[in-house]
Enquirer: 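Structure incoming, see below.
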Protein chains: 2
Amino acid sequence: MRRNSQSEHDPGGTKERIQHVALELFVLHGYEKTSLREISDRLGITKAALYYHYASKQELLKSVTQPLIDEFELLVAGDPDPETLLRSYVDLLHRHQAVFQLVANDHASLAAAELVERSVKLRRDVVRRLAGPEPQPADYIRAAAAFGAISQGFMLARRVEPAADPALPDVEATAEKAAETAAGLPAPADYPEGAELTRILMDTALAVLRSGS
Amino acid sequence: MRRNSQSEHDPGGTKERIQHVALELFVLHGYEKTSLREISDRLGITKAALYYHYASKQELLKSVTQPLIDEFELLVAGDPDPETLLRSYVDLLHRHQAVFQLVANDHASLAAAELVERSVKLRRDVVRRLAGPEPQPADYIRAAAAFGAISQGFMLARRVEPAADPALPDVEATAEKAAETAAGLPAPADYPEGAELTRILMDTALAVLRSGS
DNA sequence: GTCTATAAACCGATAGAC
DNA sequence: GTCTATCGGTTTATAGAC
């Protein structure tokens with residue numbers, strides 16, 4: 001066989017290049033604000049050419065968001081204990097930073113991808129598992145707080161910034177980039193990563209869960 | 001004097017009714033997806049009538065988001081110690097639940113309201129203050145995690161659900177409502193509120209900040 | 001696989017009557 | 001303060017040539 005037609009990483013593949021550019025623009029401006037013309041312009045093709053590869057804007061969005069949600073569901077379905085669940089979640093975030101940033105900051109994209117139900121269910125299952133046995137209402141709050149601590153802590157350290165594409169003027173991203181990087185906080189590159197970052201985030205989440213005892 | 005023309009609560013005032021309906025729809029579907037026709041239909045007036053009260057869709061959005069951001073800035077400008085800052089933040093969330101839910105979940109609305117710079121600056125200042133003196137990169141991460149713990153914990157307990165408006169069929173909200181309320185987690189009304197909720201959230205955030213020692 | 005051209009729908013916003 | 005009518009622009013999506 002020559003090539004698997006789906007989910008192959010082949011960085012030169014047109015479908016993958018479309019996904020990459022689309023994801024970047026979706027994260028930057030939001031799904032609704034990003035037009036197909038914007039995406040095709042950046043790829044140097046026309047809007048109509050996009051439709052050869054994806055049947056609709058919605059399908060393009062789905063193809064981008066599916067890997068994260070599928071893997072998350074698989075993870076939760078394994079019924080892991082709280083610590084394993086949290087550790088796997090941090091690992092998931094590492095491998096799907098940009099998509100996570102998209103769906104976390106742009107609920108409209110979740111809705112457009114028809115992923116609201118699945119993500120609500122995921123969140124429910126995670127919170128339930130973190131809340132422990134015979135949970136009080138306060139235990140659910142602590143579970144959600146632990147989940148939020150990891151998510152927000154991770155996003156500070158591993159935020160996807162507008163790509164400084166030297167080939168294009170990239171006019172519209174200038175303001176955002178300046179506002180975030182020169183904001184007086186360390187740049188993403190300065191934070192711990194990998195195992196060290198995971199350890200820090202795990203400590204915050206476990207501290208939250210223990211804060212009720 | 002008869003009436004202050006700005007920011008009076010007068011629940012019968014047309015401007016306030018518009019803000020209320022607009023906020024609800026913005027939270028539900030996102031700013032970009034919500035059309036002025038949708039808002040005016042729900043108010044029983046026409047789209048054109050909206051323009052008598054607000055010069056543009058953007059101005060309507062700004063009028064809705066401004067109270068939260070203004071008060072947040074005032075709060076941070078006071079240079080409070082971490083515990084006071086966190087406590088005031090929880091109080092702020094209590095008084096601006098819906099607006100917070102909007103800007104937290106729909107970054108497109110932040111951008112449209114031209115509030116990205118101010119909110120980035122706010123976040124930076126909060127994280128800095130929570131990170132303590134001579135912070136390491138890991139301290140910033142813990143600060144962001146503490147902030148996220150409070151925000152997400154609060155949102156679980158005080159989430160704004162689609163209004164069950166018996167006067168209108170409210171077709172489009174059915175799926176969302178069913179998915180969220182019947183999801184197997186306590187309903188917002190079942191969680192602690194006020195001082196008790198504040199105490200729980202404060203404990204989670206302080207536990208995160210202490211997790212580095 | 002990419003193009004030009006265009007259809008069809010919707011949007012924000014304005015003009016002007018009442 | 002609300003209405004009807006409409007303008008100008010953009011969007012997603014399709015048809016058909018190459």
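Values reported hereafter were calculated over all heavy atoms of this structure, with side chains retained and with hydrogens, waters and symmetry mates removed. Because the structure is a prediction, the values reported are computed rather than measured. To find a chain, count down the sequence lines: A is the first, B the second, and so on, and within it residues start at 1.
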Enquirer: Calculate the interatomic distance between Arg37(A) atom CZ and dA13(D) atom P; express it in whole Å.
Expert: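 Whole-Å distance recorded here is 16 Å.
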Enquirer: Got a salt bridge between Asp41(B) and Arg37(B), using NZ or NE/NH1/NH2 to carboxylate O under 4.0 Å?
Expert: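 So Asp41(B) pairs with Arg37(B) through a salt bridge.
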Enquirer: Whether the side chain of Lys47(A) engages the backbone of Ser35(A) through a donor-acceptor N/O pair (distance < 3.5 Å, no angle test) should be reported.
Expert: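 Here the side-chain-to-backbone pair does not exist.
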Enquirer: Grab the CG-P distance between Leu36(A) and dT14(D) for me, whole Å please.
Expert: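 Computing the Leu36(A):CG to dT14(D):P distance gives 11 Å.
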Enquirer: Which whole-number value in Å describes the distance from Lys33(A) NZ to dC11(C) P?
Expert: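 My rounded result for the distance is 14 Å.
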Enquirer: With heavy atoms under 4.0 Å as the rule, sort Ser40(A) into base, sugar-phosphate or nothing.
Expert: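 Since no nucleic acid heavy atom lies under 4.0 Å of Ser40(A), the category is nothing.
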Enquirer: Test your reading of the model: is there a side-chain donor-acceptor pair from Asp190(B) to the backbone of Ala187(B), 3.5 Å cut-off?
Expert: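 Checking the backbone N and O of Ala187(B) against the side chain of Asp190(B), a donor-acceptor pair under 3.5 Å is found.
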Enquirer: Under a 3.5 Å distance rule, please check whether Thr204(B) uses its side chain to pair with a backbone N or O of Ala149(B) as donor and acceptor.
Expert: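 Not confirmed, Thr204(B) side chain does not pair with Ala149(B) backbone.
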Enquirer: Base, sugar-phosphate alone, or nothing: which one does Thr46(B) contact when heavy atoms must sit under 4.0 Å apart?
Expert: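 Base contact.
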Enquirer: Distance check needed: dT2(D) C1' versus Asp41(B) CG, whole Å only.
Expert: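 So the CG-C1' distance, Asp41(B) to dT2(D), works out to 14 Å.
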Enquirer: Five pairs per end, C1' atoms only: what is the angle between the end axes of the helix from dG1(C)-dC18(D) to dC18(C)-dG1(D), to 10 degrees?
Expert: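 The two end axes of the helix from dG1(C)-dC18(D) to dC18(C)-dG1(D) meet at 0°.
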Enquirer: Using a cut-off of strictly less than 4.0 Å between a heavy atom of the residue and any atom of DNA chain D, enumerate the qualifying residues of residues 47-66 of chain B by number.
Expert: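 Within this stretch, Ala48(B), Ala49(B), Tyr52(B), His53(B) sit under 4.0 Å of the strand.
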Enquirer: For His96(A), I'd like to know if atom NE2 has over 12 heavy atoms of other residues, nucleotides or ligands within 6.0 Å.
Expert: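 Yes.
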Enquirer: Are Lys33(A) and Tyr31(B) in a cation-pi contact, defined as NZ or CZ under 6.0 Å from the six-membered ring centre and within 45° of the axis?
Expert: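 No.
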Enquirer: Taking all atoms of both residues into account, what is the closest heavy-atom pair of His29(B) and Ala108(A), and its distance?
Expert: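 Scanning both residues completely, I find the closest heavy atoms to be O-CB, 4.3 Å.
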Enquirer: For the pair made of CD1 in Ile45(A) and P in dG1(C), what is the distance, rounded to whole Å?
Expert: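 Atom-to-atom, Ile45(A) to dG1(C), this comes out as 11 Å.
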Enquirer: Taking atom P of dC11(C) as reference, at what distance in whole Å does atom CD of Glu32(A) sit?
Expert: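 Between P of dC11(C) and CD of Glu32(A): 11 Å.
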Enquirer: Which heavy-atom pair separates Val127(B) from Ala143(B) by the least distance, and what is that distance?
Expert: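 In terms of heavy atoms, the two residues are closest at O-CB, 3.5 Å.
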Enquirer: Taking Lys121(B) for the side chain and Glu73(B) for the main chain, is one N or O donor matched with an acceptor at less than 3.5 Å?
Expert: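 No, Lys121(B) side chain to Glu73(B) backbone: no donor-acceptor pair under 3.5 Å.
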